[in-house]
Amino acid sequence: MKEFDYSQVKHYKFYGFIKHTLGWLVRCVYRIDFKGEENIPAKGERYIVAINHTCALDPVFIGASKKMPPLHFMAKSELFENSFVAWIITHMYGFPVKRGQGDTTAVEFGEKIINEGHVMAICPEGKRIKDKDGVPQRAKAGVAIIANATGASVLPVAICCDGKIKPFKKVTLSIGKPVTCEEMGLHGQEDYEQIRNAADTVMNNITALWEAERN
């Protein structure tokens with residue numbers, strides 16, 4: 001695996017090309033229905049997009065929104081072992097994270113992304129949820145750590161489908177209102193309990209959106 005360059009946040013034209021040429025195809029094949037796009041913050045605001053992890057295409061689904069800016073997202077490091085796949089993911093603004101190892105390098109790179117005015121997407125649960133009903137699970141601390149360090153708000157997004165996500169099945173992406181650091185109880189201090197509660201707050205917002213679609 002070629003070593004990922006965490007030293008700078010690079011710009012790739014490939015992302016825009018794929019979004020504008022294939023975004024419509026993704027929206028059609030998965031019959032994506034976006035709700036709450038008016039909640040997407042204005043350009044220049046600091047925020048993290050947090051989505052429940054349903055499948056490998058989650059970042060693609062939310063990125064297919066015409067109103068969503070380019071999204072930098074964490075992807076498990078195993079995906080970068082194949083050089084061709086690594087090239088594709090990297091040029092789609094993905095960066096590797098070593099799951100279950102407290103990967104501070106990936107977290108710090110996430111902070112760099114936000115601090116330089118870009119938008120990051122993260123699946124707070126840390127791994128794909130295999131629950132057949134897709135019920136969102138508890139969040140890891142990463143999303144709260146990055147929000148706390150950067151002062152960024154978190155935009156909760158619930159991906160909901162009746163059963164397993166497959167082509168030509170309707171997939172709903174419900175976008176909630178941004179949750180500020182103050183609303184998450186974050187004050188810039190590295191307090192474990194505050195971080196843990198903030199991550200739970202993010203996931204509770206995502207779960208509420210998910211449940212609203214299921215009921």
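Because only heavy atoms are used, hydrogens play no part in the values below, and waters and symmetry mates are left out as well, while side chains stay in.
The minimum heavy-atom distance linking Ser77 with Pro96 is given by the pair CA-CB, 4.0 Å. Pairing each heavy atom of Phe73 with each of Ile89, the nearest pair is CZ-CG2, 4.2 Å. Closest heavy-atom contact between Cys161 and Lys164: SG-O, 4.0 Å. When all heavy atoms are compared, the tightest approach of His53 to Asp58 is ND1-OD2, 2.7 Å.
The side chain to side chain donor-acceptor pair (under 3.5 Å) test applied to Lys112 returns no partner, not counting sequence neighbours.
With Asp33 contributing its side chain and Val171 its backbone, the two residues share no donor-acceptor pair below 3.5 Å. Looking only at distances, a side-chain donor or acceptor of Asn148 sits under 3.5 Å from a matching main-chain atom of Gly188. Side chain of Asn52 to main chain of Ile159: a donor-acceptor pair is present (N/O by atom type, distance under 3.5 Å, no hydrogens or angles). In terms of modelled atom types and a separation under 3.5 Å, the side chain of Lys177 and the main chain of Leu155 share no donor-acceptor contact. A donor-acceptor pair under 3.5 Å is formed between the side chain of Asn115 and the backbone N or O of Glu111. Remark: side-chain polar atoms of Arg46 are paired, donor with acceptor, to backbone N or O of Thr150 under 3.5 angstrom. At distances below 3.5 Å, at least one donor-acceptor pair connects side-chain atoms of Arg27 with backbone N or O atoms of Ala64. In this structure, Tyr47 contributes its side chain and Thr180 its backbone to no donor-acceptor pair below 3.5 Å.
Pro136 places a side-chain heavy atom less than 4.5 Å from the side chain of Met203. Residues Ile114 and Ile48 are in side-chain contact: their nearest non-hydrogen atoms beyond the backbone lie under 4.5 Å apart. Side chains of Arg196 and Asp200 form a contact here, defined as non-hydrogen atoms less than 4.5 Å apart.
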Between Leu173 and Ile62, is the side chain to side chain contact (heavy atoms under 4.5 Å, CB included) condition met? List the steps.
CA-CA 7 Å; Leu173 272 74; Ile62 187 59; 3.9 Å; yes

Begin with the C-alpha distance, continue with both residues' side-chain angles, and end with the deciding distance and a verdict on side chain to side chain donor-acceptor pair (under 3.5 Å) for Glu45 and Ser153.
CA-CA 9 Å; Glu45 293 189 34; Ser153 59; 5.6 Å; no

Side chain to side chain contact (heavy atoms under 4.5 Å, CB included) for Val202 and Val179? Distances and angles first, verdict last.
CA-CA 8 Å; Val202 169; Val179 185; 5.7 Å; no

Derivation of the side chain to side chain contact (heavy atoms under 4.5 Å, CB included) call for Thr90 and Tyr12:
CA-CA 9 Å; Thr90 299; Tyr12 298 109; 3.6 Å; yes

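Counting only N and O atoms by type, the side chains of Thr201 and Glu183 include no donor and acceptor under 3.5 Å apart.
You'll find the ring centres of Trp87 and Phe80 outside the 6.0 Å limit. Aromatic ring centroids of Phe109 and Phe4 lie under 6.0 Å apart.
A salt bridge does not link Lys66 to Glu37: none of the charged side-chain nitrogens sits closer than 4.0 Å to a carboxylate oxygen. Ion pairing between Lys169 and Asp162 fails under the 4.0 Å rule for side-chain N and carboxylate O.
Taking the six-membered ring for Trp and thresholds of 30 and 60 degrees, His11 and Tyr93 have ring planes inclined between 30 and 60 degrees apart.
Residues Leu209 and Ile32 do not share a hydrophobic cluster, defined by chaining ILVMFWY side chains whose heavy atoms lie under 4.5 Å apart. Cluster membership for Met92 and Phe84, using ILVMFWY side-chain heavy atoms within less than 4.5 angstrom, is shared. The hydrophobic cluster containing Leu25 also contains Val60, counting ILVMFWY residues as joined when their side-chain heavy atoms lie under 4.5 angstrom apart, directly or transitively.
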